[in-house]
Visitor: 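Can you keep this structure in mind? I'll have questions shortly.
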Amino acid sequence: MEKILSDLKAMRLPGMARTWQNLMEAHKIDSISMADGMRMLIQGENDMRMSNRTHRLIKNAHFRYTVALGEIATDSARGIDQSLLNEVATCDYIRHGYPIIITGPTGTGKSWLASALGHHACLCGYKVRYYNVMKLFEELTMARIESRLPKLFERLSQYDLLILDDFAIKKLTAEQVLDLMEIIEDRHGNKSTIFASQLPVANWYETLDSNVSAADAILDRVVNTASRFTLKGDSLRKKH
């Protein structure tokens, strides 16, 4: 029995090894059929692989907050409607490449909600990346200097869900608007993007108008198909 356990570990089948060890410790190995034993071993390995993959997805997403979707308190007075939250929890917006817009004053929970949606997407097996938008532009600038900008654009296009937090927090340069256009164009109708912003959508154009044509194209692709959370109320930080 111990030889089987060591062989499973040597073959890098930790889920099977753990299941086999549990069966040994519970003295159940001799009381189950070979078919049931195989099913249990395969299920144990599959469960561990899924758990490890989910852990990697969450780690690689670089979320601002670690928060589960179930921790989001629904309150229509604060702009978090239960029916809309249930709708996005299905992840259909990711499967169809639709964006989500989260707006509201400082402290109303935009980053918290965006992180929760991203965390839930990871649990559903989607590849997610969270960015503070200005740090993303810093990364784009360095990539341009180091002649690896196309590779960065390609990587950004591969995320099933891209979260851009603190969007439209300051006016963008013409080059930044073009970079944003490149990102949005690659993802439009194919991959989903969450935009979290202090500014109402009506004021976004003012932060993008250093390149009018690109600004029009960005807003046309984002605004028309997006689901929206408009958060309201006092800052949650004051309560804590």
Side-chain angles (χ1 to χ4, degrees), residues 62-65 72 76 78-81 84-85 87-88 93-94 96-118 121 128-141 143-144 149 152-153 156-157 159-237:
H62 301 280
F63 294 121
R64 183 172 181 178
Y65 300 109
I72 300 297
S76 57
R78 294 194 63 86
I80 303 180
D81 181 72
L84 180 55
L85 201 62
E87 181 182 332
V88 297
Y93 73 99
I94 298 178
H96 292 97
Y98 296 150
I100 289 179
I101 295 173
I102 305 171
T103 57
T106 300
T108 50
K110 299 180 299 297
S111 300
W112 187 258
L113 177 58
S115 296
L117 291 173
V128 183
R129 185 64 162 90
Y130 169 98
Y131 273 104
N132 171 287
V133 75
M134 297 316 297
K135 290 183 179 178
L136 172 60
F137 284 124
E138 290 175 5
E139 190 169 325
L140 289 166
T141 297
R144 179 174 279 106
L149 189 59
L152 179 53
F153 281 138
L156 291 171
S157 73
Y159 292 113
D160 299 305
L161 175 60
L162 181 66
I163 300 173
L164 300 180
D165 200 2
D166 288 328
F167 182 74
I169 197 170
K170 62 179 291 188
K171 188 177 180 68
L172 302 183
T173 66
E175 183 174 73
Q176 289 172 332
V177 175
L178 284 175
D179 286 345
L180 180 62
M181 178 61 204
E182 182 81 17
I183 294 169
I184 300 303
E185 182 66 24
D186 285 344
R187 302 180 60 77
H188 178 60
N190 184 38
K191 304 288 186 178
S192 184
T193 309
I194 293 178
F195 300 84
S197 176
Q198 295 179 22
L199 282 182
V201 174
N203 298 113
W204 284 8
Y205 188 84
E206 300 168 12
T207 69
L208 303 171
D209 63 3
S210 56
N211 188 314
V212 173
S213 297
D216 288 337
I218 290 169
L219 294 177
D220 179 67
R221 285 159 175 74
V222 172
V223 174
N224 294 331
T225 58
S227 297
R228 298 196 195 187
F229 291 91
T230 304
L231 306 189
K232 297 167 282 188
D234 295 331
S235 173
L236 297 176
R237 297 189 183 107

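In this chain, residues are counted from 1 in sequence order.
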Visitor: To the nearest 0.5 Å, what is the distance between OG1 (Thr173) and CG (Leu178)?
Guide: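 Thr173 atom OG1 to Leu178 atom CG measures 8.5 Å (nearest 0.5 Å).
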
Visitor: From Leu149 CG over to Arg144 CZ, what is the distance, rounded to the nearest 0.5 angstrom?
Guide: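 Separation between the atoms: 5.0 Å.
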
Visitor: Enumerate the ring-ring contact (aromatic ring centres under 6.0 Å, His included) contacts for residues 164-189, please, sequence neighbours excluded, ordered by first and then second residue.
Guide: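 As it turns out, the ring-ring contact (aromatic ring centres under 6.0 Å, His included) pairs with a partner in residues 164-189, which skip direct neighbours, are Phe167-Phe195, Phe167-Trp204.
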
Visitor: Once salt bridge (Lys or Arg N to Asp or Glu O under 4.0 Å) is applied, what residue pairs with a partner in residues 191-203 remain, sequence neighbours excluded?
Guide: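 Applying salt bridge (Lys or Arg N to Asp or Glu O under 4.0 Å) to every pair that reaches into residues 191-203, excluding sequence neighbours, yields Asp160-Lys191.
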
Visitor: On a heavy-atom basis, which atom in Asp186 and which in Phe153 lie closest, and how many Å separate them?
Guide: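 For Asp186 and Phe153, the tightest heavy-atom pair comes out as OD2-O, 4.1 Å.
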
Visitor: For residues 203-215, pull every pair meeting salt bridge (Lys or Arg N to Asp or Glu O under 4.0 Å), keeping only residues two or more places apart or in separate chains.
Guide: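 Listed once each, the pairs are Lys171-Asp209.
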
Visitor: So Ser111 and Tyr65, side-chain contact (heavy atoms from CB on, under 4.5 Å) or not? Walk me through it.
Guide: CA-CA 8 Å; Ser111 300; Tyr65 300 109; 3.6 Å; yes

Visitor: Does the side chain of Pro99 reach to within under 4.5 Å of the side chain of Thr225, using non-hydrogen atoms?
Guide: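 Yes, at least one pair of side-chain atoms sits under 4.5 Å.
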
Visitor: Would you compute the distance between atom CG of Asp166 and atom CZ of Arg64 and round it to the nearest 0.5 angstrom?
Guide: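 One gets 5.5 Å once the value is rounded to the nearest 0.5 Å.
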
Visitor: Please, which pairs that meet salt bridge (Lys or Arg N to Asp or Glu O under 4.0 Å) have at least one residue in residues 196-205, sequence neighbours excluded?
Guide: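 Output for this query is empty, none listed.
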
Visitor: Yes or no on side-chain contact (heavy atoms from CB on, under 4.5 Å) for Leu113 and Leu85, after CA distance, side-chain angles and deciding distance?
Guide: CA-CA 10 Å; Leu113 177 58; Leu85 201 62; 4.1 Å; yes

Visitor: From Leu231 CG over to Arg78 CZ, what is the distance, rounded to the nearest 0.5 angstrom?
Guide: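 That separation rounds to 7.5 Å.
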
Visitor: Please assess Leu199 against Thr103 for the test side-chain contact (heavy atoms from CB on, under 4.5 Å), listing each intermediate value before the final yes or no.
Guide: CA-CA 6 Å; Leu199 282 182; Thr103 57; over 6 Å; no

Visitor: Would you compute the distance between atom OG1 of Thr193 and atom CD1 of Ile183 and round it to the nearest 0.5 angstrom?
Guide: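 Here the interatomic distance stands at 9.0 Å.
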
Visitor: Under the rule for salt bridge (charged side-chain N to carboxylate O under 4.0 Å, His left out), what residues qualify as partners of Glu87, not counting sequence neighbours?
Guide: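 None.
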
Visitor: My understanding is that only residues two or more places apart in sequence, or in another chain, count here; which of them pass side-chain contact (heavy atoms from CB on, under 4.5 Å) with Ser210?
Guide: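 Per chain and number, Ser210 pairs via side-chain contact (heavy atoms from CB on, under 4.5 Å) with Ala174, Val177.
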
Visitor: Quick one: side chain to side chain donor-acceptor pair (under 3.5 Å) partners of Tyr131, sequence neighbours excluded?
Guide: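 Counting only residues at least two positions away or on another chain, Tyr131 forms a side chain to side chain donor-acceptor pair (under 3.5 Å) with Glu139.
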
Visitor: How would you list, by chain and number, every residue that makes a side-chain contact (heavy atoms from CB on, under 4.5 Å) with Ala121, sequence neighbours excluded?
Guide: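 Once residues adjacent in sequence are excluded, the partners of Ala121 under the side-chain contact (heavy atoms from CB on, under 4.5 Å) criterion are Ile94, Tyr126, Val128, Leu161.
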
Visitor: What distance separates Leu164 CG from Ile184 CD1, expressed to the nearest 0.5 Å?
Guide: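 Taking CG in Leu164 and CD1 in Ile184, the distance rounds to 6.5 Å.
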
Visitor: Please check this pair: side chain of Lys110 against backbone of Pro105, looking for a donor-acceptor N/O pair closer than 3.5 Å.
Guide: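 Side chain of Lys110 to backbone of Pro105, a donor-acceptor pair under 3.5 Å: yes, one is there.
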
Visitor: Using side chain to side chain donor-acceptor pair (under 3.5 Å) as the criterion, list what pairs up with Ser115, not counting sequence neighbours.
Guide: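 With neighbours one apart ignored, the set is empty.
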
Visitor: How would you list, by chain and number, every residue that makes a side chain to side chain donor-acceptor pair (under 3.5 Å) with Arg129, sequence neighbours excluded?
Guide: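 Counting only residues at least two positions away or on another chain, Arg129 forms no side chain to side chain donor-acceptor pair (under 3.5 Å).
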
Visitor: Any side-chain heavy atom of Phe229 within less than 4.5 Å of one from Asp81?
Guide: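 Side-chain contact under 4.5 Å: no.
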
Visitor: Filter on salt bridge (Lys or Arg N to Asp or Glu O under 4.0 Å), then keep only pairs touching residues 211-228, sequence neighbours left out; what's left?
Guide: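 As it turns out, the salt bridge (Lys or Arg N to Asp or Glu O under 4.0 Å) pairs with a partner in residues 211-228, which skip direct neighbours, are Glu185-Arg221.
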
Visitor: According to side chain to side chain donor-acceptor pair (under 3.5 Å), who are the partners of Asn190, at least two apart in sequence or on a separate chain?
Guide: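 Once residues adjacent in sequence are excluded, Asn190 has no partner under the side chain to side chain donor-acceptor pair (under 3.5 Å) criterion.
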
Visitor: Got Thr141 and Asp179 here, is their nearest side-chain heavy-atom distance under 4.5 Å?
Guide: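 Answer no - side chains too far apart.
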
